[in-house]
Amino acid sequence: MNNWILHYEGWKPEEQGLRESLCTLGNGIFATRGAAEEVPENKYNYPGTYMACGYNRAKSHIAGREIENEDLVNWPNWLYLTFKHEDGEWFDLENVEVIEYIQELNLKEGVLLRKMKFKDSKERVTSLISERVVSMNNPHVAGIRWTLLPENWSGDIIVRSAIDGRVKNNGVERYSELESRHTKVCEKGATEDHIIYLAACTLQSEINVAMTSALNVYKSEHMVEVDRKPVEEEDFIAEDIKIECEQLYPTTIEKTLTMYSSRDFAISDPMTEALSHLECLGSFNEVIRRSKEAWSSIWEKSDILIEDDSKSNHQMVLRMHIFHINQTVSRNSIGYDIGVPSRGWHGEAYRGHIFWDELYIYPYINLHNPQLARSLLLYRYRRLPEAKKEAKAAGYRGSMFPWQSGSNGREESQVIHLNPESGRWIPDNTHLQIHINAAIPFNVWLYFQSTRDLEFLSEYGAEIIFNTALFWASVARRNASSDRYEIHGIVGPDEYHTKYPGSEKPGLNNNAYTNFMATWVLTKAVELTGILSENILKELQMRVGFDKKDIESWKEISKKMYIPFNEKGVIMQFDGFEELDDLDWDKYRSEYGETIRLDRILEKENDSPNNYKACKQADVLMIFYLFSSDEIINILNHLGYEFKAEHIPENIDYYQEITSHGSTLSRVVHSWVYTRSERHKSWSKYIEALKLDFEDEQGGTTSEGIHLGAMATTVDMVMRSYSGMEMREEVLWFNPRLPDEINAISFNIRYRSHWINVRISHEKISINFRKGWAAPVEIFINGKKTTFKQDYHKEFSI
Ligand code: BGC
């Protein structure tokens, strides 16, 4: 088992969607699915290319109404590279006898390899090796190298290399009734130097993308002259070249690409840049070498090792998750106006939108590339004006960030969605998840904890925290009879519950997670007023618009927020949750398995999960995932609730029984919260979470885009949960809780400008500070604080 290779064997068109998603290559600026280059979009092939935050809005007429959606745009297909014999058809694996097919994604080097051997109808056997790279070193560059070997024939072939602008957004079957055309081709052609070029522009957002490509042919490592002919069709530009092939002599064909967009910096116009950079690009070898070097520096910092005796593929899958995080956002993304999408730039599901999933992804980024984390947080900061506008329109103060965010921070959640089970379009009320307004300040705070970047906090972060505090204080309403603050008419993380049974009005009251998080935001805002210097605070008060009275009200609400509990001390998901009916879990689990999209199934049965104690995903348990038991107890005690560590297992068991894991974000949170009490259970849930995308556990959703939140949390599990790592009270804590099934874990983190290597086994923990110049930091292990500074290492027995 090679822990660096995602390996597939055999040509299985029905698996192609999944392989394409998982074999996507990207560099934090654009990504291209691992589709076959030799055929355009067809029933098994979807060669999507997406640009980070490259969105376009389009109107559709559906179910008797006009709706507008903002989509992540599928850009022209640059992969297009195919061949035919002079007397034959263009190559398609579906039209030949496939003798051998191997597809391998090399995670260490960022190279996609496809090895094929096939026989055509005239008994000609050909071997073809395809290597592909999307450069991590230069985010405007990509390439493909073909090595074609005629096994039993000689003769002429025509190779066609194209940039195909006839693409649409057709990647998600459920969206097929919606408008799918987002681009128009605005320029195309071939230069005298045999460079083909094509530029496309989005129809509404006016983003312009230019692609240019060159093709070279080599025999025995020497470039050869070939006959070339440009081919121009509507929205399509290609070059056909004729190559003489000789039996058992390989021919190498290299296609290189440059891609620039109007969102790039330091450019004149995209086409000028793309053309001029292509000219000085160098060979494919050079492109691949430099990209491999960039990957090697990423891995040096960000690899995470699980040492175990099993011959499992856990390590490979974990690396695949790290790989996809880095392909979605990387060093290249720094400075761009980019957020972290829930599904990567790997497909069109959820339209490339930015959700609260950031909450699951930031911890890894904070602790490996803090400059990137800072840049991504600015995506939110820049959208404060829109969030303020939304808050005002809804009658609140401060800022109200949208549940789904895209180009300008407007609410991009769909208003109706298709239930593929019933074929019905139904209202979508998930935008009522205002809890995202706690996730964003939480991310700011966590970034600050791992970096102590006071400049960021005072220039940007604090403004986000104060604005969201103002929002929460205006959303919370005092209940005079209980003298408690309550939040009504919203939806919590568990999207199965959006209204009360029988009610027409969407929204629920007092979602415990939301109320708890609102309390946390208000507490942090108060704490911040004590940390920031007087002049900065004064400036922020003016800019955000709050005064002493507001600070007093934040204190008051954070002492009196209401949290629903049942009689046994279990936190109730929302008011009235316990009165809901019990679901016949055996019936549904035996029919549909452990992971169920109950909302779709019940809607088809003219029923609704709103009627049952049945959760899509971790909701109350999110509290136990985000905070240590000490922090939870402190907050709840401060609110006047008696809550002890002993209550935690009961809470976990209660929700474990009634959760369908209809979201990939769920299982890994359950695994996380079990780390404290039942490590064996934690490990078995962890393994399930690790395989969610790899095995396409949700039956078809991975092909529409990876689940980045779930992937990142499996990485974070090793880094923070099994190591028991926490950052609080200005100290880095380790309290390891390794499951018996593994021997050790090791990883590097960037903490407060130090690079620290950590290795934890069942017996000891070793901490190794690399050279550097950052200020000393304190680490708490085994009940003792130790001060660490650069170049210092120490081992502790545990
Ligand atoms: C989950 C949300 C998540 C979204 C995007 C939904 O299925 O319920 O919590 O934010 O997917 O990943």
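When a ligand or atom number is given, it counts from 1 through the structure's own listing order. Residue numbers run from 1 in the order of the sequence given.
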Mark up the atoms of ligand 1 that fall under 4.0 Å of a heavy atom belonging to S342, in ascending order.
-> 5 (C), 12 (O)
If you measure from the Lys or Arg side-chain nitrogens to the Asp or Glu carboxylate oxygens, is any gap between E412 and R57 under 4.0 Å?
-> yes
Test F442 against every option in W356, F627, Y625 by the ring-ring contact (aromatic ring centres under 6.0 Å, His included) rule and name the one that passes.
-> F627
May I ask you to identify the nearest protein heavy atom to atom 6 (C) of ligand 1, giving residue, atom name and distance to one decimal place in Å?
-> Y350 OH, 3.3 Å
Closest to atom 1 (C) of ligand 1 among E358, Q617, R597, Q433 (heavy-atom distance) = Q617
Would you say E173 has more than 12 foreign heavy atoms packed within less than 6.0 Å of its CD?
-> no
Examine the side chains of D575 and Y562 and answer whether a donor and an acceptor come within less than 3.5 Å of each other.
-> yes
Among Y496, Y360, F355, W356, closest by any non-hydrogen atom to atom 4 (C) of ligand 1 = F355
Under 4.0 Å, heavy atoms only, figure out whether ligand 1 is touched by the backbone of K616, its side chain, both or neither.
-> side chain
Say whether Y722 and S682, considering side chains only, have a donor N or O and an acceptor N or O under 3.5 Å apart.
-> yes
For W403 and ligand 1, answer yes if some heavy atom of the residue is under 4.0 Å from a ligand atom, otherwise no.
-> yes
Ring-face cation of R319 near F323 (centre distance under 6.0 Å, axis angle within 45°) = no
Is it the side chain, the backbone, both or neither of L665 that has a heavy atom closer than 4.0 Å to ligand 1?
-> side chain
Geometric N/O contact E495 with ligand 1, under 3.5 angstrom = yes
Atom 3 (C) of ligand 1: which protein heavy atom is closest, and how many Å away?
-> D357 OD1, 3.5 Å
Are side-chain N/O atoms of N467 and S399 paired as donor and acceptor at under 3.5 Å?
-> no
